[in-house]
Amino acid sequence: MMKTSNILGNENRVMRNANLLFLIRITLYVLLICFLFFIGTASALLTSDGIDPLDMEGGSRPLAMGGAFVGLADDLYSLAYNPGGLAWTKGLALDLRDINNYSLMQSSPTGNGDAVGFIFTTKKLTGLSVGTTEVSFGTNTLSLVYGTKFSLLPILANLSFAKQTGVGISIKTILGSNYSQTGQSDLSAVGWDMDLGFLYKANEWSRLGLSLQNILPQNMLGGGIAKWSNGVNEEIPANYKLGYSAKLIGDDDALNYDYTKGLIISGQLGSSSLRTTYGLGAELGWSKKFFFRIGYGNSALNYGLGWRLEDGGIDFAYYKEAVTNQQRAEFSFVYFPGKWILVQKLEEIKKPVLILGDALQTVSIADNAETYDEKIDVSGKVKSEVEVYINGARAYVDAAKTFKTWVPLKVGKNLIVVELRAQGEKKTWDYKVLRKAKIVVAEEEKIDQQIKAAVIPEVKARLIEEKKVIEQTKEKVEVLVTLGVVEVKPKEEFVLEDRITRGELATWIVKAAGFDLPEVKKDVYVDVPKDHVLAPYIKVVSNLELLEPFPDGTFRPEAFVSKKEGEEIFRNFGIEQ
Amino acid sequence: MKMPKHKKNNRRVGTSLVLVGLTLAVLLSPALAEDNNDDQYLTKGDAVNFVSATGFMKNKIGQLLSWTVGYDISKVNRVRLTPTVKYIRVTPRMVPPDGRTIFEIFAAVDDPGGIGNIQGVRADLSSVGRLSNSVLVDNGMFGDETAQDGIYSLQASVPSRTDLGAKEVAITVANKKGWLALAKANLDVEKDPTINKITLVPEKVKTGQETVITLSVDVENPGRARDIKEVTADLRALGYATLLLLQDDGKTETGNSHQAFSLQFTVPKTLDPGEYKVRVGVLNIYAGYTGKDITLKVER
């Protein structure tokens, strides 16, 4: 059985590798053909200044990552960078550099595995120069974008490759452009072109993207050109970008699991008649809320910050603008509500649209929970057609769509991962649970009885104060037991007033300080042979001269520690009585 | 005046007891003193307070109580909770869509909490036109051989409207603690029998000799072997006027749905050298038919 699964696993890997190689090969062919056909024919006002009138790329997150977003395309900025990623995105964004440079975009899933969106961009480039004259260029552009997965085609519906590959098309229009040059009359232009994008999710944590921008041949269907008011038609330069990204660290779909931290890297190469570009980017995340981004693009270091809430966030980028070579700052405001679906009526007339984010209707477990129990109930209700996995094990969902089970807890930190799977998609919810060791302190019961029996109010008040002290110490014992510093056998009472032996104290100190236990090759003392259960601990405290042997050369692990000796030991750690 | 002897002895005993008492008192006095003076020893409560106050311990406690540190994949408890499906057996492997031929599913299951912790085993038979949550039993009835042995059984048939082809049957096992295991088995819905093997002994004969040849055929029939209606050999190329029926030799060692058939015949002396095709045909009671050729070589 193991062998079979290994063989199957190897076959899957081989298949995936074959798919990847196929995609890379196709990509290279496409790039080559594009270079041969489209590059090097443009020459006019804009191209001489290095301006692409339909360049709609922006957004603080991609810019901070050096513009290396074609291979990432995991949010609605795929509208501008790579429409191949659009099928997996949704939301609304406003990017604001200044009053003359801003963009608004929206992406909405249709509920059928595809999405539609738009971008409206206003740009004004100033400070350009042609010889001795100064040039400025302003443009308003609108793009309508559609993205889907190859699996939308019935013939490909069941192929995993098709489910993991997105394709998108963007129709871009110049609503109005204005070109001003000192000493010459202003010119205006209109025109349109098209982008094509592909995004392949090679596996859960890495993606490969290809974006073919402005691909219409000159004058095809009246597109591919900017029509100037002086009658000149200028070809809009094509631009081809190939990118890759990897989610190296994260809690979901990442190469290495970490609940609190995240790291995404991306890189891309691009070429057009205007310039050859490359970009590298990285995004570091903390607590899924705070992000630091850094990238290298346009021969400059870019960086930015991000702050995310459940349904939205704010991003900031400081980057170098490609055409003017000037440093710029940009803010982005993003909003991505969970339930956003363009055609809500589909729910009524077709198979209900399942949003995994809403599929976990109720769950018994709470995040950041503390307990003394050995196990925790995990029960709840889900929507139809949803499979429930808890810590990787599948839970039984009954006809009423409820599940009821429990997960054993280890003493200390526990992470409960509830995962819902449906229609090839999955979503996880993480719940952090701290199980503290439950300790019974003998003095607590005793003082409770005394309080109960006390008649004189002053005595009772004093006993209550004493109980508070006992409770505080008990909490400390619980923590020490939880951390494994102190060992208390099950059902054993911990007596605070018991004297501590030298052997016990040695283990407490070594475990608390986290000292490495040495290998004991010879007897430590005459009464501590090398195979004594406490020998490594006693060797450590002896080497550190924390606990001295007796004058007769014995250690006497069972001897009690005097108060004076104890205070002396902890004085070494800066603790005074 | 002399003291009586017994009084003298009593006095000696008394003196000895006093001396022993004093000696014990002297010897035990430090221990008694120790026991009565707890204040000079460090208690566990004191030690707990001391250890908790150290810098390294404060740091560890801070990390323990932090909700943003240390909750990584290593903190997911992977202890096995789900039941397991050890194997699934479907017999026969091929079933005709006749609505009456019974096939059986056997699922051997286990659970970390023991077989008694199994809540139920179900099969999704929707691919063969039956219920999607058909129940398998381990009660020694309805085809189940032994009760409570962890091998759950189900008997069913394939309705006549079912399309032919390979079908997948999903088996789910739930335990009483709410965990689920899933396994799959395959079942072929077929009408036509399969000829697994044909042999001619000998394969070559000399012309002019009346050699006796044995034709053996191993047939697999969907459902039961006994539903094979007839197995024929077409020897007309060898000069025989009609199809010859093969004799039923009973079950083969390969399985219940396999059946062996054989026929002995002679090659006419007058037969010219050459290669002659012998067609073997198998017909079953569901009107399923299959044929396969074997070549007989006649040499000089």
Side-chain angles (χ1 to χ4, degrees), chain A residues 257-260 287 367-368 379 391-397 403-410 412-417 430 432 434 443 470 473 476-477 479-480 482-483 485-486 494-500 504-505 508-509 512-514 560-567 569-570 573-575, chain B residues 34-35 37-87 112 119-120 122 133 172-183:
Chain A
Y257 184 93
D258 192 298
Y259 179 73
T260 52
S287 306
D367 194 18
N368 299 349
S379 56
N391 287 357
R394 188 165 170 186
Y396 173 67
V397 180
F403 59 96
K404 183 173 174 57
T405 185
W406 52 261
V407 173
L409 298 173
K410 291 177 184 169
K413 291 176 186 264
N414 291 267
L415 188 64
I416 313 288
V417 181
D430 295 337
K432 300 183 284 293
L434 176 64
E443 286 80 357
I470 290 169
T473 312
K476 290 176 185 172
V477 177
V479 170
L480 291 180
T482 304
L483 286 167
V485 173
V486 175
F494 189 86
V495 185
L496 297 174
E497 293 302 319
D498 272 357
R499 297 169 189 173
I500 190 163
E504 275 179 304
L505 188 62
W508 289 18
I509 290 170
F560 297 123
V561 180
S562 72
K563 197 157 246 177
K564 190 181 167 193
E565 192 182 9
E567 287 168 4
I569 290 165
F570 285 101
F573 299 113
I575 310 297
Chain B
E34 266 185 16
D35 277 345
N37 192 3
D38 277 341
D39 286 349
Q40 73 181 71
Y41 289 100
L42 193 72
T43 66
K44 288 184 177 178
D46 294 335
V48 163
N49 284 320
F50 275 134
V51 170
S52 300
T54 56
F56 45 77
M57 208 60 236
K58 280 182 179 171
N59 192 26
K60 281 187 178 178
I61 293 168
Q63 286 185 359
L64 177 72
L65 302 178
S66 167
W67 294 111
T68 55
V69 176
Y71 285 94
D72 55 30
I73 196 78
S74 68
K75 299 297 182 291
V76 175
N77 196 334
R78 298 284 184 192
V79 65
R80 195 166 73 82
L81 301 162
T82 55
T84 47
V85 181
K86 291 194 281 190
Y87 66 82
Q119 176 77 32
R122 288 174 184 271
N133 59 349
T172 51
V173 186
N175 69 15
K176 290 174 181 171
K177 290 171 183 168
W179 298 105
L180 194 73
L182 185 74

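Remember, it's a predicted structure, so these values are computed and weren't measured experimentally. Chain letters run A, B, ... following the sequence lines, proteins first and then strands; every chain starts at 1.
Residue contact with chain B, scored on non-hydrogen atoms closer than 4.5 Å, is absent for A:I416. Neither the backbone nor the side chain of A:I470 comes within less than 4.5 Å of any heavy atom of chain B. Looking at A:V485, only its side chain comes within 4.5 Å of chain B, counting heavy atoms on both sides. Contact annotation for A:E504: only side-chain heavy atoms (C-beta onward) come within less than 4.5 Å of a heavy atom of chain B. For A:V561, the parts lying under 4.5 angstrom from a heavy atom of chain B are both the backbone and the side chain.
Ranked by heavy-atom pairs shorter than 4.5 Å toward chain B, the options A:I500, A:L505, A:I509 are led by A:I500. Each of B:I73, B:V79, B:D72, B:V51 has some count of heavy-atom pairs under 4.5 Å with chain A, and the biggest count is that of B:I73. Counting heavy-atom pairs closer than 4.5 Å to chain B, the top residue among A:D498, A:L409, A:V417 is A:D498. The greatest number of non-hydrogen atom pairs below 4.5 Å with chain B, out of A:L480, A:V477, A:T482, is found for A:L480. Between chain B and the residues A:T473, A:V486, A:D430, the most heavy-atom pairs under 4.5 angstrom are made by A:T473. Contact tally against chain B (heavy-atom pairs below 4.5 Å) for A:E443, A:K564, A:K476: the top residue is A:K476. Taking B:T68, B:L65, B:N133 one by one and counting their heavy-atom pairs under 4.5 Å with chain A, the maximum is reached by B:T68. Interface remark: of the candidates B:T82, B:N175, B:V69, B:L64, B:L64 forms the most heavy-atom pairs closer than 4.5 Å to chain A.
At least one side-chain heavy atom of B:K177 sits less than 4.5 Å from a side-chain heavy atom of A:W406. A heavy-atom distance below 4.5 Å is found between the side chains of B:Q63 and B:N59.
Among all heavy-atom pairs drawn from A:K404 and A:S379, the shortest one is CA-CB, 3.6 Å.
B:S52 and B:N49 form no side-chain donor-acceptor contact under 3.5 Å, judged by distance and modelled atom types alone.
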